[in-house]
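Before any comments, here is the structure.
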Amino acid sequence: MIRMKDIIREGHPTLRKRSEEVQFPLSQEDRKLGEDLLEYVINSQDEEMAQKYDLRPGVGIAAPQINVPKRIFALHFDESTGENLSMIAVNPKIVSHSVEKAYLTSGEGCLSVDRSIPGYVPRYARVTVKAFNLEGEEFKMRLKGLPAIAFQHELDHLNGIMFFDHINSQNPFAEIENATPIKQDLGE
Ligand code: 4LI
Ligand code: NI
């Protein structure tokens, strides 16, 4: 089971590396990695589990965040987030995206960042993505809203990019052209 002590924090060099593609068929180890990542996000959203094991809540976590530089991440949204999506994405990619952008009005948080970094993080409003599941089957889907933002946040981790790299350093709350603000209440 992944705990907060297993999650590396900003400043660790692995968070700045490009992670390696995963080869199929998946090794037992890679399969376990994917399952553990999904288990973390599910448990972290369960108040009892989160308290008991001191897990910070998240909707996404990527393998490099536990110091494994492989192209795998997990996302989980349940009814309480107003979405219903759970995935383990292996070798994920964005195949196309909207011109329109979107951003969370409350900014973004990251399990590898222990401080709150204010500012708008511009993302594509809609993305069409492709990835493989643990069985090695390719899937394709269209995402919008928070799932689209989270997918881009986690894909960035596989490329050594942190969310704050995207924040306007002159003015963190500068208006973003052609963007929809997303007011998201999570956690209740
Ligand atoms: C409890 C139970 C307010 C502040 C609002 C909590 C279940 C911030 C938002 C959650 C913010 C759940 C989240 C992300 C933000 C803020 C991630 C709470 C889990 C809110 C997820 C990857 C950015 C994703 C919306 C600095 C660890 N998650 N909030 N950003 N929630 N959560 N991100 N932003 N301001 N990060 O953090 O999983 S994309 Cl679901
Ligand atoms: Ni993150």
Side-chain angles (χ1 to χ4, degrees), residues 2 4 7-12 15-16 37-38 40-47 49-51 54-65 73-89 92-131 141-188:
I2 297 170
M4 287 314 292
I7 297 178
I8 59 172
R9 308 304 158 90
E10 55 175 328
H12 193 295
L15 291 173
R16 289 309 194 174
L37 293 171
L38 184 60
Y40 178 90
V41 276
I42 292 173
N43 287 342
S44 80
Q45 293 177 30
D46 179 312
E47 211 176 304
M49 292 295 279
Q51 275 214 359
D54 188 32
L55 311 175
R56 236 185 93 187
V59 291
I61 185 173
Q65 293 184 270
F73 64 67
L75 294 179
H76 180 76
F77 301 85
D78 65 18
E79 317 79 58
S80 70
T81 64
E83 309 281 345
N84 207 320
L85 179 71
S86 199
M87 71 162 94
I88 299 167
K93 59 185 183 195
I94 293 172
V95 294
S96 67
H97 62 77
S98 59
V99 172
E100 194 192 327
K101 302 227 167 128
Y103 61 92
L104 296 175
T105 56
S106 302
E108 292 189 14
C110 176
L111 299 171
S112 296
V113 179
D114 288 332
R115 55 201 175 110
S116 151
I117 303 180
Y120 298 150
V121 180
R123 303 288 187 186
Y124 300 121
R126 295 173 298 281
V127 289
T128 299
V129 305
K130 268 188 182 173
M141 61 175 85
R142 264 190 96 210
L143 303 174
K144 59 182 168 61
L146 188 62
I149 287 177
F151 192 100
Q152 292 169 76
H153 177 117
E154 301 313 326
L155 184 60
D156 272 352
H157 277 305
L158 308 187
N159 294 324
I161 299 165
M162 300 293 286
F163 72 90
F164 48 79
D165 299 346
H166 299 293
I167 298 175
N168 183 325
S169 54
Q170 297 279 87
N171 176 6
F173 296 104
E175 189 198 331
I176 299 164
E177 288 295 310
N178 206 354
T180 314
I182 300 179
K183 258 185 102 172
Q184 185 86 33
D185 288 314
L186 286 168
E188 269 80 56

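Sequential numbering from 1 along the given sequence is applied to the chain's residues.
No side-chain heavy atom of Tyr124 sits under 4.5 Å from any side-chain heavy atom of Lys144. Side-chain contact between Met162 and Val113 is present, with at least one heavy-atom pair separated by less than 4.5 Å. Residues Leu155 and Ile94 form a side-chain contact, since some pair of their non-hydrogen atoms from C-beta on lies under 4.5 Å apart. No side-chain heavy atom of Leu38 sits less than 4.5 Å from a side-chain heavy atom of Leu75. Two residues are said to be in side-chain contact when any heavy atoms from C-beta on lie closer than 4.5 Å; Val121 and His153 fail this criterion. Between Pro92 and Val129, the closest side-chain pair of non-hydrogen atoms is not below 4.5 Å. Contact check for Asp114 versus Arg9: side-chain heavy atoms found under the 4.5 Å cut-off. Looking at Asn84 and Phe77, their side chains never come closer than 4.5 Å, going by heavy atoms from C-beta outward.
Note: Ile42 CD1 to Leu55 CG = 12.5 Å, rounded to the nearest 0.5 Å. Atom SG of Cys110 sits about 8.5 Å away from atom CD1 of Ile117, to the nearest 0.5 Å. If you take NZ on Lys130 and OG on Ser96, they are separated by 10.0 Å, rounding to the nearest 0.5 Å. Between Met49 atom CE and Ser44 atom OG the span is 10.5 Å, to the nearest 0.5 Å. Here the straight-line distance linking atom CZ of Phe73 with atom CD1 of Ile61 works out to 12.5 Å at 0.5 Å rounding.
In this structure, Glu108 contributes its side chain and Leu104 its backbone to no donor-acceptor pair below 3.5 Å. One N or O on the side chain of Arg16 and one on the backbone of Gly160 form a donor-acceptor pair closer than 3.5 Å. Under a 3.5 Å cut-off, the side chain of Asp78 and the backbone N or O of Ser80 do form a donor-acceptor pair.
Ala125 approaches Ala102 most closely through the heavy-atom pair CA-CB, 3.8 Å. Between Leu158 and Pro64, the shortest heavy-atom contact is CD2-CD, 3.6 Å. The minimum heavy-atom distance between Leu85 and Pro147, with the atom names listed, is CD2-CB, 3.8 Å. Scanning both residues, Lys101 and Pro122, for their nearest heavy atoms gives CD-CB, 4.3 Å.
The salt bridge (Lys or Arg N to Asp or Glu O under 4.0 Å) test applied to Glu83 returns no partner, not counting sequence neighbours. Scored by the ring pair (Phe, Tyr, Trp, His ring centres under 6.0 Å) test, His76 finds no partners at all (sequence neighbours excluded).
When each of His97, Arg142, Met141 is tested with Val127 by the rule side chain to side chain contact (heavy atoms under 4.5 Å, CB included), just one qualifies, namely His97.
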What side-chain donor-acceptor pairs closer than 3.5 Å can you find for residues 172-184, not counting sequence neighbours?
from   : atom 1 : to     : atom 2 : distance (Å)
Thr180 : OG1    : Glu100 : OE2    : 2.2
Gln184 : NE2    : Thr81  : O      : 3.4

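Within a 6.0 Å sphere centred on CZ of Phe163, heavy atoms belonging to other residues, nucleotides or ligands number more than 12.
Aromatic ring orientation, Tyr103 versus Tyr120: tilted (interplanar angle from 30° to 60°).
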Audit row: Leu111, Gln65, side chain to side chain contact (heavy atoms under 4.5 Å, CB included) steps and yes/no: CA-CA 8 Å; Leu111 299 171; Gln65 293 184 270; 3.9 Å; yes

Audit row: Val41, Val59, side chain to side chain contact (heavy atoms under 4.5 Å, CB included) steps and yes/no: CA-CA 6 Å; Val41 276; Val59 291; 5.7 Å; no

Working for side chain to side chain contact (heavy atoms under 4.5 Å, CB included), residues Ile8 and Leu15: CA-CA 8 Å; Ile8 59 172; Leu15 291 173; 3.7 Å; yes

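Of the N and O atoms on the side chains of Glu10 and Ser112, not one donor lies less than 3.5 Å from an acceptor on the other residue.
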